[in-house]
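Data block below; observations after.
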Amino acid sequence: MVKKYDIKDLKLADKGKQHVEWAESQMDVLRGIRERFIKQQPLKGVRIAACLHVTTETAVLAQTLKAGGAQVTVVASNPLSTQDTAAAALVKYYKIPVFAKKGEDRKTYYQHLNLALDKKPQITMDDGADLVSLLHGKRKDMAQNVWGSTEETTTGVIRLKAMEKAGKLQFGAIAVNDSKTKHMFDNRYGTGQSTIDGILRATNILLAGKVVVVAGYGWCGRGLAYRARGMGSRVVITEVDPLRALEATMDGFTVMPMEKAVVHADVVATLTGDIHVVDTKHFLKMKDGAIVCNSGHFDVEINLDSLRKISKSRKEVRPFTVQYTLKSGKRIMILGEGRLINLASAEGHPASVMDMSFANQALAAEYIVKNHHTMEKKVYSLPKNTDDLIAKLKLAAMELTIDELSAEQKKYLTSWEVGT
Ligand code: ADE
């Protein structure tokens, strides 16, 4: 018999509902969109498969899509990020099927994705492009049903753009991450804060005075670097991009190669989107007790296979903290199995910032419904007015007002005659 849902425990639903309502209370923009969706039903009858981190915030998004008339199925975009409470609430109270359990193995993870695709979605939502990737591989059979997809994260957008460039993309995709109201806020303030949260929940270390090495000075790395500095850490940046390295330097951070940085590091956090950023040569140079974690999308940034090879033993010393003892006797702590630490040991980005990311997702779904007939097999960004609208609504929710250009100022900005 085909399962209607697959979650850890339906009894967690009451707690989950409480948490979802807490998140919802801080997601004003998405709530506003939901009110409009209820009236206008822009997603009526549309089948949506959402492969996202199954959190309270995702629950609010799923409800919004459903309120707009969609038939939504939710699966996890990472085996370790599911909040089983939120998953249970979605099933029991919001009547949205979920296939996700925190700690599921790889096989179950993909079974769940396949179950979502079995429902012949017309829109897919990804955080990391795993659904789209399946639709171009083992589940090609389902690609013809798809009107378009949306993508939440930098890594997923990189994958989609690679598919577009190779001429492989079978439908249009909206890079939600390209919206300024997404990456400038979610990636910077969301990842920045929740990565600190994850490190602290896993280790309870004092950050003041510690040397924190941040690999990657993109939006996420910048966010973490600033927040770690705010906690009194001595922050070192590693980069491969000269512009970003220069920017980090002029932002007042110390910049050096990873091989040098690890010698001093109390904490190393990777946020690059690339593979083996921390490798054997780095582990060998680390201090005894160094803490290593990742907040990039995939668990490829820390080469754990290499660490296992040079270790004689490992043990869990706290939840989400595994101590590897090297043959030399040196100890290295790996947090959250090298997976996104902000979602593994903490709760991901706070609702207030996911509000803008998921407002973009909801509007992206509406955009696909309206425009799929003319969308090409390309990666799209949402129109600029969507960003302006979301920023405006967020400011209003924060009870902030701003100045408006006068007629004279508008005229000046479109003229060239007045100079020195
Ligand atoms: N990605 C990062 N934080 C998240 C959250 N709270 N919910 C869904 N996706 C996320």
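When a ligand or atom number is given, it counts from 1 through the structure's own listing order. For reference, positions follow the sequence shown, starting with 1.
- Atoms of ligand 1 lying under 4.0 Å from any heavy atom of E347, numbered from 1 in the order shown and given with element: 6 (N).
- Residue pairs meeting the salt bridge (charged side-chain N to carboxylate O under 4.0 Å, His left out) criterion with at least one partner in residues 246-267, sequence neighbours excluded, are R222-E247, E259-K281, E259-K285, D266-K287.
- A side-chain donor from one of T181 and N360 sits under 3.5 Å from a side-chain acceptor of the other.
- The distance criterion of under 3.5 Å between nitrogen or oxygen atoms is met by E57 with respect to ligand 1.
- A tilted orientation is assigned to the rings of H183 and W219, their planes being inclined by 30° to 60°.
- The single protein non-hydrogen atom nearest to atom 9 (N) of ligand 1 is M354 CE, 3.5 Å, given as residue, atom name and distance.
- Scanning the protein heavy atoms around atom 3 (N) of ligand 1, the nearest turns out to be H349 N, 2.8 Å.
- In this structure, the protein non-hydrogen atom closest to atom 7 (N) of ligand 1 is T55 OG1, 2.7 Å.
- In this structure, T58 counts as a contact residue of ligand 1, since one of its heavy atoms falls inside 4.0 Å of the ligand.
- Scanning the protein for heavy atoms near atom 1 (N) of ligand 1, the closest one is H53 CD2, 3.5 Å.
- Using a 4.0 Å cut-off between charged nitrogen and carboxylate oxygen, K309 and D305 do not count as a salt-bridge pair.
- In summary, the aromatic rings of Y189 and Y226 are positioned with their centroids too far apart to meet the 6.0 Å limit.
- Taking every non-hydrogen atom of F358 and a distance limit under 4.0 Å, the qualifying atoms of ligand 1 come out as 8 (C).
- Side chains of I48 and P121 form no contact here, defined as non-hydrogen atoms less than 4.5 Å apart.
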